[in-house]
Amino acid sequence: MKRILTLFTCCFMFATFLNAQDVIYLNNGNVVKGKVVKNTDEVSVVLGNGETLTYRKAEVREVQIGGTEVKTPKEPKGAQYVDYSDLDKGWWCAAEAHIGGLWYDEDYGTGIFSLTFTNGYRFSEYLKIGVGIGARYNLNNDPDYTLYRNIHKIKAPMSVPLFVNLRGNIISQKSRMCVPFWNADIGYAILDNFFFNAGVGFRVGAKRNNFAMSANFIGQMVNYKLGDTDFGSGILLKIGYEF
């Protein structure tokens, strides 16, 4: 009788041992059940099939000893993580340098160099609209004779362009590193006059963070020192970074 009671007690304890598994919650979201045999700088657990797994303490979120009930993770208190670089819509910015030239007639031209910053909203990868501000320097290229030079001296070599910018991809960038795109500006330069430009180019990089370069046609009204106004046209090269 004692042997039977002893055997029954051993079987009960063994069954209790099997059922009273420990639970390990890992930082990657996985849950491991077994018998924890080490819980120091590392956590080792023996699975039901006899296999032993060892995890670094940094990989473990929580160790639950003596229970098989798996706790449901709590809803995180912080804001939900959003991968901004993968969004199709949202705010966007661009910092760009512009360099080019304007010609008013066969004898007169001026070089242009400007830095601009644009901020706007991305409706899709095919359409982004923004507003921008910049600083522009006009480098005169006058003829040698004095009278012509005085008449055609630009009133404000430095100006501040304010403009609306539109741009978008011509083809999708979801599976490509390099895609063609279009862009256009229209605005007014403080201390100068009305201007516009439009062109095409290429952007290289990720969908939301990339380098962009384009060749644009530019039209510009310009004010002269002696009060005259003229319209010039030329070529503008844009190089910048979008994010």
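Bear in mind the structure is a predicted one, so any value in this text is a computation, not a measurement. Atom set for the values below is all heavy atoms of this structure, side chains included, hydrogens, waters and symmetry mates excluded.
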For the pair [X] (side chain) and [Y] (backbone), establish whether a donor and an acceptor sit closer than 3.5 Å, ignoring hydrogens and angles.
{"X": "Asn27", "Y": "Ala58", "value": "yes"}
{"X": "Asn216", "Y": "Ile218", "value": "no"}
{"X": "Gln173", "Y": "Glu125", "value": "no"}
{"X": "Asp22", "Y": "Val36", "value": "yes"}

What is the ring orientation for Phe196 with Phe217, classed by angle as parallel under 30°, tilted 30 to 60°, or perpendicular over 60°? tilted
State, with a plain yes or no, whether a side-chain heavy atom of [X] is found less than 4.5 Å away from one of [Y].
{"X": "Tyr137", "Y": "Ile112", "result": "no"}
{"X": "Phe163", "Y": "Ile133", "result": "no"}
{"X": "Val45", "Y": "Val37", "result": "no"}
{"X": "Lys207", "Y": "Arg122", "result": "yes"}
{"X": "Val46", "Y": "Lys38", "result": "no"}
{"X": "Leu53", "Y": "Leu47", "result": "yes"}
{"X": "Ser214", "Y": "Phe181", "result": "yes"}

Is it the case that one hydrophobic cluster holds both [X] and [Y], taking links as side-chain heavy atoms less than 4.5 Å apart, direct or via other members?
{"X": "Val200", "Y": "Ile129", "value": "yes"}
{"X": "Met213", "Y": "Ile99", "value": "yes"}
{"X": "Phe202", "Y": "Ile239", "value": "no"}
{"X": "Ile65", "Y": "Val60", "value": "yes"}
{"X": "Leu191", "Y": "Val160", "value": "yes"}

Dump the intermediate steps for salt bridge (Lys or Arg N to Asp or Glu O under 4.0 Å) on Lys35 and Glu51, then the final yes or no. CA-CA 11 Å; Lys35 183 63 178 176; Glu51 182 183 2; over 6 Å; no
If we count only N and O atoms by modelled type, under 3.5 Å, do the side chains of [X] and [Y] hold a donor and an acceptor together?
{"X": "Lys128", "Y": "Asn183", "value": "no"}
{"X": "Thr54", "Y": "Ser44", "value": "yes"}
{"X": "Lys57", "Y": "Asn39", "value": "yes"}

If you compare all heavy atoms of [X] against all heavy atoms of [Y], which two are closest, and at what distance to 0.1 Å?
{"X": "Val204", "Y": "Cys178", "value": "CG2-SG, 3.8 Å"}
{"X": "Cys93", "Y": "Asn119", "value": "SG-OD1, 3.3 Å"}
{"X": "Ala94", "Y": "Arg167", "value": "CB-NH1, 4.1 Å"}
{"X": "Ile171", "Y": "Asn169", "value": "O-CB, 3.2 Å"}
{"X": "Tyr188", "Y": "Asp192", "value": "OH-O, 3.8 Å"}
{"X": "Ala135", "Y": "Pro161", "value": "N-CD, 3.9 Å"}

Neighbour count >12 (heavy atoms, 6.0 Å) for atom CZ, Phe211: no
Report the distance from atom NZ of Lys238 to atom OG of Ser114, rounding to the nearest 0.5 Å. 8.5 Å
Nearest 0.5 Å, what's the CG-CG distance between Leu236 and Asp185? 8.5 Å
For the rings on Tyr121 and Trp91, is their centre-to-centre separation under 6.0 Å? yes
Do Asp41 and Arg56 meet the salt-bridge criterion of a basic N to acidic O distance under 4.0 Å? no
Is the closest basic N to carboxylate O distance between Glu242 and Arg208 below 4.0 Å? no
Run Tyr126 and Ile170 through side-chain contact (heavy atoms from CB on, under 4.5 Å) and show every step you take. CA-CA 7 Å; Tyr126 303 106; Ile170 298 175; over 6 Å; no
Verdict with reasoning, Lys174 to Asp88, per side-chain contact (heavy atoms from CB on, under 4.5 Å): CA-CA 10 Å; Lys174 291 184 178 179; Asp88 287 328; 4.1 Å; yes
Carefully, step by step, assess Tyr25 and Gln64 under the rule side-chain hydrogen bond (donor to acceptor under 3.5 Å, both in side chains). CA-CA 8 Å; Tyr25 299 89; Gln64 178 182 323; 2.9 Å; yes
Should Ser233 and Trp103 be marked as a side-chain contact (heavy atoms from CB on, under 4.5 Å) after you check the CA-CA gap, both sets of side-chain angles, and the distance that decides it? CA-CA 6 Å; Ser233 60; Trp103 289 267; 5.8 Å; no
Arg203 and Asn210: CA distance, side-chain angles, deciding distance, side-chain hydrogen bond (donor to acceptor under 3.5 Å, both in side chains) verdict: CA-CA 6 Å; Arg203 58 165 47 98; Asn210 50 72; 3.3 Å; yes
Please assess Asn209 against Tyr241 for the test side-chain contact (heavy atoms from CB on, under 4.5 Å), listing each intermediate value before the final yes or no. CA-CA 7 Å; Asn209 300 277; Tyr241 186 75; 3.3 Å; yes
Could you walk me through whether Arg136 and Asn138 satisfy the side-chain hydrogen bond (donor to acceptor under 3.5 Å, both in side chains) test, starting with their C-alpha distance in whole Å, then the side-chain angles of each, then the deciding distance to 0.1 Å, before giving a yes or no? CA-CA 7 Å; Arg136 177 192 291 171; Asn138 296 314; 4.8 Å; no
